[in-house]
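Here the structure comes first, spelled out in structure tokens, and everything after it is commentary.
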Amino acid sequence: MIPAIRGTHDILPGEVERWQRVEDVSRRLFERYGYAEVRTPVIEREELFAKGTGETTDIVQKEMYAFTDKGGERITLRPEATPSLVRAFVEHSLEQSMPVPKIYLFGPMFRYERPQKGRYRQFHQLDVEVFGISDPAIDAEVLDLAWALVTELGIANVELVVNSVGCPACRPAFSEALVKALGEDVGRLCADCQRRAATNPLRIFDCKVAQDQPLIDTLPHSTDYLCESCKAHFAAVERHLHVYGIPYRLSHRLVRGLDYYTRTTFEILAGNIGAQNAILGGGRYDGLVKQLGGPDRVGIGFAAGIERLVLAMPEEAGAHGRVPIFVASMGEAARDSGIALLRDLRRAGLEAHMEYEGRSIKSQMKRADRLKAAYALIIGDNELARGEVTVKNMRTSEQAQVPRAGILDYCRARVSGGQE
RNA sequence: GUGGGUAUAGCUCAGCGGUAGAGCGCCGGACUGUGGCUCCGGAAGUCGCGGGUUCGAACCCCGUUACCCACCCCA
């Protein structure tokens with residue numbers, strides 16, 4: 001056997017229905033909010049993420065599937081969607097062709113990480129982005145969309161966490177304030193935090209080491225160091241969130257790991273899905289479009305991890321209202337007639353099955369049962385002679401003789417609307 | 001990249017030095033035209049892989065790979 005690559009997974013029947021549900025629900029939802037789907041390549045220039053996601057991030061430094069192709073280009077499998085969507089926005093001047101540049105994408109991402117619950121090397125995200133709107137109303141709308149998504153998927157036990165990390169004008173002052181507030185106490189923090197203090201002080205807030213918490217709790221908050229415009233923006237975002245009526249928790253400890261975030265950042269956390277509990281994360285990235293060579297346009301968006309959504313969804317989610325019909329036959333002539341009937345049922349839009357190995361009527365009925373067929377249509381010499389079909393209701397075991405000519409109408413009437 | 005745990009039938013697992021097992025699932029049978037429940041029968045495993053110890057290894061030892069969980073990081 002040649003096994004699947006580490007950290008990748010086949011999504012099999014039984015689980016794939018939950019994925020389909022995520023896809024169906026999110027597609028309908030995104031379109032209600034005015035988003036259009038965009039599909040971008042899975043491979044991009046390595047440079048796109050080095051400049052976009054950020055040279056200093058773990059994603060770029062150690063997690064990308066990057067290689068040199070036969071033409072000598074540096075290529076990478078995309079580790080996230082935002083830079084690709086920014087590239088597409090710029091490359092095709094989407095702000096010219098779209099009334100409002102709201103786009104979404106659904107697809108696989110790749111990061112070379114150690115797999116664990118909710119974290120895989122090939123994983124899937126659904127990603128939404130809005131370009132060119134700086135009005136805080138859009139921040140709240142995007143959050144409302146995120147909240148609607150988890151709600152419509154039936155995911156309970158979730159929490160929306162919101163923060164503002166400021167902009168290039170005010171964030172340096174905050175970083176300095178953090179280092180200053182730590183002072184001599186840096187040495188009392190865990191090794192990771194001491195490293196963070198030197199490289200990216202904001203990430204100290206990510207620390208989960210219990211002994212570090214008392215000290216971290218004394219540190220200043222990013223929202224107290226915002227410049228005037230960032231402060232006004234965030235206040236307006238909160239006001240709009242109240243208008244939308246979305247429950248959220250303000251957390252000064254929410255600091256995200258990608259370099260491009262500015263102002264509003266947020267995550268949705270789920271309980272009971274393991275340590276990797278962020279099912280959705282995003283924020284504003286006002287400098288990114290320009291950074292990637294486009295016009296000076298703001299942006300905001302989020303990505304949700306499909307694996308994590310599926311993990312957090314309730315058990316029963318994904319059950320379809322399918323009503324299969326099974327065609328059972330005895331004898332060669334009846335089997336030919338059954339195959340024609342099978343074809344007619346399918347042409348009429350019904351789900352129909354048969355048994356292919358010419359087994360006994362008993363095993364055919366068994367198969368019908370396993371397929372959870374609502375009806376078994378039985379054809380033998382008797383039925384052939386009378387031009388009828390025996391219809392057995394598999395739930396009630398009642399049988400009826402139905403003329404062959406009327407069988408499609410008979411079935412359609414009983415399975416229409418996906419209900420029995 | 002670091003740490004811990006686990007690898008035995010399609011699935012869930014028992015066996016822990018002496019001929020490879022159970023439950024579920026699968027296939028067939030119990031009125032030669034009828035599923036579910038019950039009963040009977042059957043198929044199915046190089047016991048992750050490679051070395052070693054031993055008369056003998058699924059079991060002990062070493063290595064290796066994969067999976068799971070956690071750290072790290074993130075969706």
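So that the names make sense, note that chain A is the first sequence line, chain B the second, and so on, each numbered from 1.
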- Message: Rounded to whole Å, please give me the gap between CZ in A/Phe205 and P in B/rC73.
- Response: 15 Å
- The side chain to side chain donor-acceptor pair (under 3.5 Å) partner of A/His233 among A/Asp135, A/Asp286, A/Asp139 is A/Asp139
- Query: Taking the six-membered ring where the residue is Trp, are the ring centres of A/Tyr35 and A/Tyr104 under 6.0 Å apart?
  - Reply: no
- Query: Under the 3.5 Å rule, do the base of B/rU34 and the side chain of A/Gln364 count as making a donor-acceptor pair?
  - Reply: no
- Message: Using 30° and 60° as the class boundaries, would you call the ring planes of A/Phe110 and A/Tyr65 parallel, tilted or perpendicular?
- Response: perpendicular
- How about A/Asp69: does its CG atom have over 12 heavy atoms from other parts shown lying under 6.0 Å from it? yes
- Query: Can you find a donor-acceptor N/O pair under 3.5 angstrom joining the side chain of A/Asp381 to the base of B/rG33?
  - Reply: no
- Note on the structure: pair_partner(B/rG21), Watson-Crick or wobble, both distances < 3.5 Å, evaluates to B/rC13
- Once you apply the 3.5 Å cut-off to both distances, tell me the Watson-Crick or G-U wobble partner of B/rC67, or none. B/rG5
- Send over the distance from A/Arg111 CZ to B/rG1 P, rounded to a whole Å. 18 Å
- Message: Regarding A/Ala368, tell me which of base, sugar-phosphate or nothing describes its non-hydrogen contacts under 4.0 Å with the strands shown.
- Response: nothing
- A/Arg87 bridged to A/Glu44 by N-O distance under 4.0 Å: yes
- Rounded to whole Å, CD1 of A/Ile273 lies from C1' of B/rC68 at a distance of 16 Å
- Message: Given the structure, check if the side chain of A/Arg114 and the base of B/rC68 hold any donor-acceptor pair shorter than 3.5 Å.
- Response: no
- Task: Scan A/Asp127 against the nucleic acid and name what it touches under 4.0 Å (heavy atoms): base, sugar-phosphate only, or nothing.
- Result: nothing
- Query: Is any side-chain N or O of A/Glu63 under 3.5 Å from a base N or O of B/rG1, one able to act as donor and the other as acceptor?
  - Reply: no
- Message: Between A/Lys362 and A/Arg6, which residue's closest nucleotide on RNA chain B lies nearer the 5′ terminus?
- Response: A/Lys362
- Query: Within this structure, what is the CZ-to-C1' distance between A/Arg121 and B/rG1, rounded to whole angstrom?
  - Reply: 11 Å
- Message: Categorize A/Lys117 for me: base, sugar-phosphate, or nothing, with a 4.0 angstrom heavy-atom threshold over every strand shown.
- Response: sugar-phosphate
- Quick one: the side chain of A/Gln116 and the base of B/rC72, do they pair up donor-acceptor inside 3.5 Å? yes
- Query: For B/rC31, which nucleotide in any strand shown is its Watson-Crick or wobble partner with both distances under 3.5 Å?
  - Reply: none
